[in-house]
Amino acid sequence: MVAEAKKREIKEAHKRKKIMKERFKQEENIANAMVIWINEILPNWEVMRSTRRVRELWWQGLPPSVRGKVWSLAVGNELNITPELYEIFLSRAKERWKSFSETSSENDTEGVSVADREASLELIKLDISRTFPSLYIFQKGGPYHDVLHSILGAYTCYRPDVGYVQGMSFIAAVLILNLEESDAFIAFANLLNKPCQLAFFRVDHSMMLKYFATFEVFFEENLSKLFLHFKSYSLTPDIYLIDWIFTLYSKSLPLDLACRVWDVFCRDGEEFLFRTGLGILRLYEDILLQMDFIHIAQFLTKLPEDITSEKLFSCIAAIQMQNSTKKWTQVFASVMKDIKEGDKNNSPALKS
């Protein structure tokens, strides 16, 4: 018994040593990468961002110290939002909160009813309390509660046509952890203005179906056995993809892993969100093939917490985003065209 215990102790010590060694190596790699990003890449961003060397370094994950800066540059600011503009919309949000707490007899403004606005504000309040609850930093009294509340409130005033949608709080929270308040708002608004995010947050069903149809083309191409298994249960992508896309995986994956997914999403755009989805399906393919509809849906809604960066990114790397000779954008364009032609053929005007 003593010998067995001693053996276990030695084994555990070796394991700890190995983990420590890997951690030191990882920290050294991050430190070296940070120097390259700060001294070479960021000062020459436009010239270097698309080079093979930078893309490879980017794939390995951004050092936390430059992550926010790189995200901001990669997302861009097509909307030309300034910190001053953020302050204007934040002031409007604060006035609205004040008026709602005092009275609800406000006229409809900007085509959005008072009831909708109140519902939006209530939803923000509720969602903030459910955003990364284990971190305790976004809950009432936490250091980032008010900042998150401000960014989401300002956004509902900036884009009343979109308003607040569940899931937005997770995206804003990840940005707040990596950027200053006004920069986080600028990145948030521009990110939500991308075609894929806009389609999902506006709940544009026809566009969402086009994204799902494109995803299924690559699903069948890469994981044909699992694709047929899902088909046999009529398990459609919306059942698991909506939550992943709405929160950009920040609710479904451990935070450090979600940030690494964001790194490459900022590099590759919307295609990488769907490639990550396929990577997750590949990672758990063997388990999923043994499950029925209910268990698959439950499993994909709450992924295992022990999912590691190395395993997931190895599976993502194995996913080929090419169907025959067509890439994601070309397949998506074909899906758009097919659906448009289908709509024309089904038009009552054409049938008469």
Would you tabulate the side-chain donor-acceptor contacts of residues 166-183 under 3.5 Å, counting partners in other chains and residues two or more places apart, or write 'none'?
| from | atom 1 | to | atom 2 | distance (Å) |
| --- | --- | --- | --- | --- |
| S169 | OG | T131 | OG1 | 2.8 |
| N178 | ND2 | V174 | O | 2.8 |
| E181 | OE2 | Y86 | OH | 2.5 |

Can you give me the closest heavy-atom contact between G61 and R260, atom names plus distance?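 In this case the closest contact between G61 and R260 is N-NE, 4.0 Å.
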
Taking all heavy atoms of I128 and all of H145, pick out the closest pair and write down the distance.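 So the two residues come closest at CG2-CD2, 3.5 Å.
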
Examine F274 together with F219 and report whether their ring centres are nearer than 6.0 Å.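 No; F219 has its ring centre 6.0 Å or more from that of F274.
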
Side chains of K326 and S334, donor plus acceptor under 3.5 Å: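 Yes, because at least one side-chain N or O of K326 sits under 3.5 Å from a partner of the opposite role on S334.
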
What I want to check is whether the side chains of D306 and T308 have a donor and an acceptor closer together than 3.5 Å.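 There is no such pair (donor and acceptor under 3.5 Å, judged by atom type) between the side chains of D306 and T308.
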
Indicate yes or no for a side-chain donor-acceptor contact from [X] to the backbone of [Y] under 3.5 Å, with no hydrogens or angles considered.
X	Y	value
N193	A189	no
N222	Q320	yes
W71	C266	no

Less than 4.5 Å apart, side chain to side chain, heavy atoms only: is that true for [X] and [Y]?
X	Y	result
Y211	P195	yes
W97	I124	no
D204	S206	yes
V70	W37	yes
F230	F227	no

Can you give the donor-acceptor pairs under 3.5 Å from side chains of residues 277-300 to other protein atoms, not counting sequence neighbours?
| from | atom 1 | to | atom 2 | distance (Å) |
| --- | --- | --- | --- | --- |
| D292 | OD1 | H295 | N | 3.1 |
| D292 | OD1 | H295 | ND1 | 2.7 |

Using the side chain to side chain contact (heavy atoms under 4.5 Å, CB included) criterion, which residues pair with S65? Sequence neighbours excluded.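 Residues passing side chain to side chain contact (heavy atoms under 4.5 Å, CB included) with S65: M34, P63.
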
Could I get the full list of side chain to side chain contact (heavy atoms under 4.5 Å, CB included) partners for T236, not counting sequence neighbours?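 Here the qualifying residues are D238, I239.
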
Hey, what's the ring geometry for Y155 with Y158, parallel, tilted or perpendicular (30° and 60° as the breaks)?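 Tilted, since the angle between the ring planes falls between 30° and 60°.
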
With E221 via side chain to side chain donor-acceptor pair (under 3.5 Å) - residues at least two apart: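 For E221, the residues satisfying side chain to side chain donor-acceptor pair (under 3.5 Å) (neighbours in sequence not counted) are N323.
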
Which salt bridge (Lys or Arg N to Asp or Glu O under 4.0 Å) pairs, counting each pair once, include a residue from residues 49-73, with sequence neighbours left out?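 Counting only pairs at least two positions apart or across chains, the salt bridge (Lys or Arg N to Asp or Glu O under 4.0 Å) contacts touching residues 49-73 are E40-R53, R52-E56, R55-D268, R67-D263.
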
Please step through side-chain contact (heavy atoms from CB on, under 4.5 Å) for the pair W244 and L253, ending with a clear verdict. CA-CA 9 Å; W244 294 352; L253 297 175; over 6 Å; no

